[in-house]
Amino acid sequence: MALVLYNTLTGRKEPLVPVQAGRVGLYVCGPTVYDHSHIGHARAAVVFDVLVRHLTRRGYQVTYVRNFTDVDDKIIQRANENGEDCRTLAERHIQSYHDDMDALGNQRPDFEPRATEYIESMVRDIQAMIANGSAYPVDGDVYFDVTRPRQYGRLSGRNLEDMRAGARVEVDERKRSPFDFALWKESKPGEPAWPTPWGVPGRPGWHTECLAMSHDLLGAAFDIHGGGHDLVFPHHENEIAQADALGRPFARLWMHNGFVRVNQEKMSKSLGNFFTIRQVREKFHPEVIRLFLLTKQYRGPVDFSEEALLDNKKGLDKAYRSLREAAEFGPPADPGPETAELWETFQAALDDDLNTAKALGHLFEAVRELNRLLDEARSGKPDKDRIRSWAGFIRAMGAVFGFLEREDWGDVAEAEDGLSAEAVEDLIRQRNEARGSKNWAEADRIRNELKSQGVVLEDTAGKTTWRRVT
RNA sequence: GGCGGCAUAGCCAAGUGGUAAGGCAGCGGUCUGCAAAACCGUUAUUCCCCGGUUCGAAUCCGGGUGCCGCCUCCA
């Protein structure tokens, strides 16, 4: 079955037919680096990371580009507030972003271009748009004339007549249409500025950079352009308008991930209801965040809450526990023929517009099967080969999602506060001595004491294991 | 005002014509000194409401209701 993806441009799912057979060029809009990233940014990055993993797994050679917007009004404003220069501010937040994304287990894109590295290309494109009349200068700025492309609004499904001018922002009377957007802004003294052929030093507007960078790194016609749903209008609409104005082919398929919500509302800076990734990381392991973000198909909204994270932590614990027990029967083996059917079903779910929620269901079916085998093993009939094969299968599915790859799950996190591992094991020794003499009261007292310290014991045949819970 | 999305058990969430995946929580059982974990069974005669099409609909059509998003900050 073919891999299909929902295309915002056409409003339906379409088979992925690459420009060049076997290769996929993917461009995803990255963050504007003036602040730490929140869970919404994490979702976008995780979704497209899983897409890349799946496409790669499916045999495509993927070129993944994700940009940094490192020149922009908000960056200038924040830098001024902090009394530092824009470059320093941007650099710090690029590092912060990398730190978060690495922690979440996202692979680095093949290219991470910065807007400031592509000014020349942008100037080239803007000049071409001025030359063919689709852009016009006003004072020191340059605006794009939205009445020029034949179908302005085709991505977001709207037309100029029905839009509300000035709904959120004062109408700039100098523009021909209120929806004309800035390609170039004249710089005030002290602001970042680059020279131009039209004589006014300044900086680019937001909407040109992705056009220039995708063009230079992936070629004019490429396969997939992605980003958060809030980029559909105006950002991506305006990118398409410029490509049209330049007579340039552009991305074929447009993918947009849904929002992360808090109490039924979009997580956003303006509502103040956002949680930064680093905040959430203080309470939850990054793999838990990752699992949570994949529990729903990427196009729908996902509701953020501690309860939801906690539920997912339990699910991940369960899977890791099985893998750890399976490891006692040897390292994970290549998935055998027994798992082939489920593997196909799993892949088919991802082939269908990256249905991670469905695929995750299949992963947990495999966990249950592995636990069944482990139960049989405990009752004295170990089938090592099958155990190792199912463990390998679960790992393989985990690899597509980018989790279940740790060896130290359960011993990690929270270890800095509470009892040391030595102290725990000492108490376990004391308890097992009590158990040996059938002193159940003392054994239970020690177990309860550990439980109050967040350590849960599990007695299995001849051995007591422990884990920390939050 | 325009455009778009969503509504499935206590919670989260798959399922787009053939008789309700999966996770969390709950209940009963097995195992255990007791637990924990795991497994087995169970938990929606029914998919927001009202009509219609069909042998058959959560799934298609029409009409409601509710929630959300976008209409130049935003992943």
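Please read these numbers as outputs of a predicted model, since none were measured by experiment. Reckoned from all heavy atoms, side chains included, excluding hydrogens, waters and symmetry mates. In what follows, chains are A, B, ... by sequence order, proteins preceding strands, each numbered from 1.
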With hydrogens left out and only the distance checked, is there a donor-acceptor pair under 3.5 Å joining [X]'s side chain and the base of [N]?
| X | N | answer |
| --- | --- | --- |
| A/Arg431 | B/G33 | yes |
| A/Asn159 | B/G2 | no |
| A/Arg321 | B/A37 | no |
| A/Asp459 | B/C34 | yes |
| A/Arg447 | B/C34 | yes |

Proximity to the side chain of A/Met163 - top-ranked nucleotide from B/C71, B/G15, B/G33: B/C71
Using Watson-Crick or G-U wobble geometry with both distances below 3.5 Å, tell me the partner of [N], or none.
| N | result |
| --- | --- |
| B/G33 | none |
| B/G28 | B/C40 |
| B/C70 | B/G2 |
| B/C48 | B/G64 |
| B/A14 | none |
| B/A57 | none |

Nearest-nucleotide comparison on RNA chain B, the residue closer to the 5′ end among A/Val367 and A/Phe364: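 The answer here is A/Phe364.
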Heavy atoms only, 4.0 Å cut-off, all strands: where does [X] land among base, sugar-phosphate and nothing?
| X | result |
| --- | --- |
| A/Glu376 | nothing |
| A/Gly258 | base |
| A/Ser156 | sugar-phosphate |
| A/Lys175 | base |
| A/Gly40 | base |

Does [X] make a side-chain N or O approach to OP1 or OP2 of [N] shorter than 4.0 Å?
| X | N | value |
| --- | --- | --- |
| A/Lys266 | B/C70 | yes |
| A/Lys314 | B/C24 | no |
| A/Arg378 | B/A38 | no |
| A/Arg368 | B/G22 | yes |
| A/Lys318 | B/C24 | yes |
| A/Asn257 | B/A75 | no |

Enclosure of A/Lys269 NZ (heavy-atom neighbours >12, cutoff 6.0 Å): yes
Single hit among A/Asn439, A/Leu450, A/Ile446 for side-chain contact (heavy atoms from CB on, under 4.5 Å) with A/Arg431: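 Filter result, single survivor: A/Ile446.
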[N] to [M] separation - [atom1] atoms, rounded to the nearest Å:
| N | M | atom1 | result |
| --- | --- | --- | --- |
| B/G23 | B/A13 | C1' | 8 Å |
| B/U16 | B/A21 | C1' | 15 Å |
| B/A9 | B/U65 | P | 22 Å |
| B/C39 | B/A14 | C1' | 24 Å |
| B/C50 | B/C31 | P | 48 Å |
| B/G64 | B/C27 | P | 45 Å |
| B/A25 | B/A36 | P | 12 Å |

[X] vs [Y] side-chain heavy atoms within contact, under 4.5 Å:
| X | Y | result |
| --- | --- | --- |
| A/Glu425 | A/Trp466 | yes |
| A/Arg299 | A/His256 | no |
| A/Leu363 | A/Leu404 | yes |
| A/Trp409 | A/Arg324 | no |

Centroid distance under 5.5 Å and plane angle under 30°, A/Trp440 vs B/G33: yes
